[in-house]
There are 4 protein chains.
Amino acid sequence: MKQKVMRDEISPVEAPGRGRPRNQQTHDAILDAAREVLRLHGYAGFSIEQVAALAAVSKTSIYRRWPSKGAILIELYMEGLPDEAISESAKSLKAELRRYLLATVERLQDLEWRTILSSLVAESQYDESTAAMLRDKVVMPRRESGLRLLRHAQERGEIEADIDLEVILDMLFGPIWYRLLFVHARIDADFAERLLAQVNLALFYKERVGKAKKR
Amino acid sequence: MKQKVMRDEISPVEAPGRGRPRNQQTHDAILDAAREVLRLHGYAGFSIEQVAALAAVSKTSIYRRWPSKGAILIELYMEGLPDEAISESAKSLKAELRRYLLATVERLQDLEWRTILSSLVAESQYDESTAAMLRDKVVMPRRESGLRLLRHAQERGEIEADIDLEVILDMLFGPIWYRLLFVHARIDADFAERLLAQVNLALFYKERVGKAKKR
Amino acid sequence: MKQKVMRDEISPVEAPGRGRPRNQQTHDAILDAAREVLRLHGYAGFSIEQVAALAAVSKTSIYRRWPSKGAILIELYMEGLPDEAISESAKSLKAELRRYLLATVERLQDLEWRTILSSLVAESQYDESTAAMLRDKVVMPRRESGLRLLRHAQERGEIEADIDLEVILDMLFGPIWYRLLFVHARIDADFAERLLAQVNLALFYKERVGKAKKR
Amino acid sequence: MKQKVMRDEISPVEAPGRGRPRNQQTHDAILDAAREVLRLHGYAGFSIEQVAALAAVSKTSIYRRWPSKGAILIELYMEGLPDEAISESAKSLKAELRRYLLATVERLQDLEWRTILSSLVAESQYDESTAAMLRDKVVMPRRESGLRLLRHAQERGEIEADIDLEVILDMLFGPIWYRLLFVHARIDADFAERLLAQVNLALFYKERVGKAKKR
DNA sequence: TGATAATCGAGACGGTACGTCCGGTCTTGAC
DNA sequence: GTCAAGACCGGACGTACCGTCTCGATTATCA
């Protein structure tokens with residue numbers, strides 16, 4: 001539902017009044033072909049030309065729907081988005097962060113998904129509009145819901161008021177993108193747990209002091 | 001010195017006796033032009049053709065020296081590398097990390113430098129050989145010297161033996177690349193200090209517990 | 001009419017319904033530019049790149065129409081072909097040969113035309129497909145209609161049945177190409193007349209004997 | 001002997017005074033490689049670069065000896081020239097023409113030889129200096145000795161004084177080049193005999209008239 | 001014997017052209 | 001107004017040769 005709304009902002013459905021209506025099959029064929037090309041040849045082989053050929057669709061039909069390669073990638077991202085979104089109203093920060101990180105990492109086991117994300121990063125270096133979409137549709141929504149989650153935790157005293165929330169977010173998301181792009185180490189559940197453990201040391205530093213006192 | 005050696009591994013100096021020697025001016029003109037093209041038009045405008053034109057050099061002369069755009073970018077990286085490298089034998093981990101992060105962040109004030117790095121990431125999604133160079137010349141050396149620095153600190157008891165060093169490294173480097181690529185927030189000395197503060201919470205968690213006890 | 005058909009065999013007109021139709025102006029501009037480049041710089045300067053530049057047309061637009069330089073040359077030949085073709089049903093062999101040779105020689109006064117022909121010969125040494133086109137479109141049609149003309153003359157008794165027609169054709173066409181390619185002597189109406197006079201000595205040797213007898 | 005002199009005019013042996021003398025093996029290796037490249041890949045693959053590579057010789061060593069591809073081809077022609085030259089002082093024109101044509105045709109059974117000649121024609125369309133050499137070294141010498149042969153025959157009354165000698169030469173040489181370049185028909189002894197038969201009809205037309213009278 | 005000089009290979013150099021691919025736009029006839 | 005098809009210009013790709021040049025090393029003659 002929400003995804004639909006977001007997609008529609010990219011390729012808005014105009015009032016279907018006049019003329020021949022767009023073919024939904026064409027739409028799907030394009031996205032399927034895009035996924036297939038990414039899967040087979042990676043970002044390097046991901047050209048509009050190739051996608052059109054594989055979808056048995058004219059280039060025009062692609063450009064009519066999406067203004068650029070980046071927009072297609074964003075669409076693929078939107079469609080692939082699982083319901084992993086951070087639940088801002090979760091009762092336990094610790095539990096919600098764990099749930100979210102494990103879900104994210106689970107999703108990233110899929111090579112196709114990793115390719116979509118890394119292609120988005122690459123394309124956004126080329127094309128400013130892709131960079132903007134990447135920020136607006138991918139990066140910032142996550143940061144914002146994460147921020148709200150953290151704020152709620154602060155408000156109910158789960159974490160201290162002096163925690164540097166922005167940097168905490170960088171420490172949560174940054175390492176994942178880092179491993180995704182440079183592939184120097186695995187991104188798996190173990191990594192998620194260990195990353196979370198370190199972040200928790202920063203998030204709950206006071207709590208630890210308290211526990212220590214009690215001993 | 002060290003950079004020279006590393007550069008030579010990319011464009012190795014063959015036995016200098018044979019044939020007309022390469023012209024150092026040509027070499028420099030190409031790299032200067034590459035920097036200029038990146039500066040003026042970013043990664044999107046960075047084509048061998050443009051670089052050759054701007055350097056008033058034939059394409060052949062470029063391909064003779066570097067096999068790909070990625071290799072040129074790596075060379076630019078190598079040349080631009082300041083002496084910011086992590087000093088593995090530093091006496092104070094805390095001080096050395098701070099010095100390194102501030103130097104890194106200082107370097108990243110330069111738009112040209114940021115463009116080189118983000119272009120490298122983009123190009124490495126296209127081209128596996130660039131990805132390999134990026135790993136071998138940029139990412140891993142930093143991680144390895146960082147790892148050694150952390151190990152020395154462990155050995156002399158500055159930090160605990162149970163610290164998850166790999167993840168600490170991800171938390172140090174990841175957020176910087178993350179901000180570099182998505183440009184959602186500034187990368188400045190303040191960021192460096194705040195990032196370090198959070199990481200220190202994880203690195204020195206025991207120390208804090210001790211201090212708390214004393215009170 | 002016949003030329004049209006022949007040209008179409010080189011760049012066949014596919015079912016005209018589909019897609020944006022080819023631009024006739026582009027077509028003409030390319031051929032005009034090709035002629036101009038040949039005129040200005042000869043075969044040596046005749047490159048697709050130059051033609052494209054002069055025609056203000058992309059290289060793609062040329063390659064879409066003709067697969068090779070040779071094919072363009074053949075097209076220029078076809079377009080330039082005057083209605084000099086041998087009339088196979090002519091009543092007088094002697095008169096028809098004279099008419100044809102004089103027309104041919106007249107056409108060869110044009111440097112542009114000579115360049116097209118000699119370029120075709122040169123290119124056909126490079127490229128087997130050009131050689132095939134040169135044979136099929138230029139050399140053999142002339143030989144075949146010449147052969148038919150000679151046969152008709154034999155049938156109606158204008159020349160003897162034992163005349164070696166193939167060699168007669170070599171003697172008619174060979175010397176012209178020979179002078180065209182080596183430029184050791186002029187190709188003009190005088191040459192045509194003198195060549196014809198010699199060939200007639202072979203063609204009508206019996207007649208001569210007859211005339212001589214009568215004296 | 002004569003050929004040697006002619007070759008030397010192309011790559012003259014300067015007074016062997018100072019400096020390291022040229023290596024004859026290098027000279028031979030280049031020409032052998034040139035022949036080999038022509039044999040294997042035809043005129044299309046005949047590049048200085050390829051010849052140098054195959055001869056295991058530097059390009060400089062080739063350019064030091066011959067100014068152009070055409071000059072090498074001329075050299076190959078010179079070396080391959082058999083002692084087929086027209087003997088100007090032959091007693092019988094008819095016999096000498098027959099001997100010469102049969103020798104020529106015999107030589108042309110060799111594909112390598114045909115390739116050298118047709119390459120020369122192609123190259124001479126590119127390069128004016130090759131055209132000049134082709135005229136001076138190949139075409140005109142044959143024509144001139146042929147012309148002298150014919151004149152001697154005229155002087156001693158073997159043929160009539162009114163014969164058009166220039167055109168006779170065109171009719172002897174033209175058809176051979178014609179078949180060589182367009183490969184529409186074989187060049188063999190049979191062709192030589194038949195061509196000669198036709199030319200003889202022109203050369204000895206009076207003689208025939210005479211014979212006819214006698215009957 | 002040592003200076004001089006042309007050779008040798010290797011290969012860098014600036015150019016030009018090749019034929020292909022892709023981007024993004026435009027044009028057509030059919031639906 | 002959408003659809004498939006495909007032409008259009010422009011730009012870049014990486015490669016092949018061109019003919020020139022620069023090098024260190026070699027091999028001769030001449031002083």
Side-chain angles (χ1 to χ4, degrees), chain A residues 14 16-23 25-26 45-52 55-65 67-69, chain B residues 14-23 25-27 45-53 55-65 67-69, chain C residues 14-23 25-27 45-53 55-65 67-69, chain D residues 14-23 25-26 45-53 55-65 67-69:
Chain A
E14 54 281 351
R18 313 265 271 153
R20 174 173 173 177
R22 287 198 182 154
N23 187 345
Q25 286 182 316
T26 302
F46 182 62
S47 70
I48 298 281
E49 210 101 9
Q50 284 295 303
V51 172
V57 142
S58 69
K59 282 199 287 175
T60 327
S61 292
I62 298 181
Y63 282 112
R64 209 174 282 126
R65 289 172 169 80
S68 65
K69 277 201 278 189
Chain B
E14 53 284 347
R18 323 294 276 155
R20 176 174 172 175
R22 291 205 178 144
N23 189 343
Q25 288 182 314
T26 301
H27 184 99
F46 182 62
S47 72
I48 298 279
E49 208 103 7
Q50 283 297 302
V51 172
V57 141
S58 68
K59 281 197 287 177
T60 332
S61 291
I62 298 181
Y63 282 112
R64 212 174 277 128
R65 289 174 167 79
S68 65
K69 281 201 273 192
Chain C
E14 53 284 349
R18 320 296 277 154
R20 177 173 172 175
R22 291 203 179 147
N23 188 342
Q25 287 182 315
T26 301
H27 184 100
F46 182 61
S47 70
I48 299 279
E49 207 102 8
Q50 284 295 303
V51 172
V57 141
S58 67
K59 281 196 288 175
T60 330
S61 292
I62 298 181
Y63 283 113
R64 207 175 284 126
R65 288 174 168 80
S68 65
K69 280 200 276 190
Chain D
E14 53 283 348
R18 310 266 270 156
R20 176 174 173 174
R22 289 201 182 149
N23 187 344
Q25 287 182 316
T26 300
F46 183 62
S47 71
I48 298 280
E49 210 103 8
Q50 283 295 303
V51 172
V57 142
S58 68
K59 282 197 287 175
T60 327
S61 292
I62 298 180
Y63 282 112
R64 210 173 280 127
R65 289 172 168 81
S68 65
K69 278 202 275 191

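Predicted model, so just to flag it, every value in this text is computed and none were measured. Numbered from 1 within each chain, the chains take letters A, B, ... in sequence-line order.
- At a cut-off of 3.5 angstrom, counting only N and O atoms as typed in the model, there is no donor on one side facing an acceptor on the other between the side-chain of B:R20 and the base of E:dC13.
- Residue C:T60 holds its OG1 atom at 11.5 Å from CD1 of C:I48, rounded to the nearest 0.5 Å.
- Closest approach of C:Q50 to C:G45, counting heavy atoms only: CG-O, 3.8 Å.
- In the interface, the side chain of C:T60 is paired with the base of F:dG10 through a donor and an acceptor atom under 3.5 Å apart.
- Atom-to-atom, CD1 of B:I62 to P of F:dG14 comes out at 11 Å; the value is rounded to the nearest Å.
- The distance between atom NZ of A:K59 and atom C1' of F:dT2, rounded to the nearest whole Å, is 18 Å.
- Taking each heavy atom of B:S58 and B:A52 in turn, the nearest pair found is C-CB, 4.3 Å.
- Atom CZ of B:F46 is separated from atom C1' of F:dG11 by 16 Å (rounded to the nearest Å).
- Here D:S58 lies in heavy-atom contact (under 4.0 Å) with a base.
- Counting distance only, with no hydrogens placed and no angle test, the side-chain atoms of B:S47 and the base atoms of F:dG11 include no donor-acceptor pair under 3.5 Å.
- To the nearest angstrom, P of E:dT20 lies 16 Å from CZ of C:R65.
- If D:Q50 and C:T26 are placed on DNA chain F by their nearest nucleotide, the residue sitting closer to the 5' end is C:T26.
- Side-chain atoms of D:R22 come within 3.5 Å of backbone N or O of D:R64 as a donor-acceptor pair.
- Atom C1' of nucleotide E:dC13 and atom CG of B:N23 are separated by 9 Å, given to the nearest angstrom.
- Atom CD1 of D:I48 is separated from atom P of F:dT20 by 11 Å (rounded to the nearest Å).
- Each of B:V57 and D:R64 was assigned the nucleotide of DNA chain E with the nearest heavy atom; the assignment lying further toward the 5' end belongs to D:R64.
- Atom CD in C:E49 sits about 15 Å away from atom P in F:dC9, given to the nearest Å.
- Residues C:H27 and C:R65 form a side-chain contact, since some pair of their non-hydrogen atoms from C-beta on lies under 4.5 Å apart.
- Distance B:R22 CZ to F:dG24 P: 16 Å, rounded to the nearest Å.
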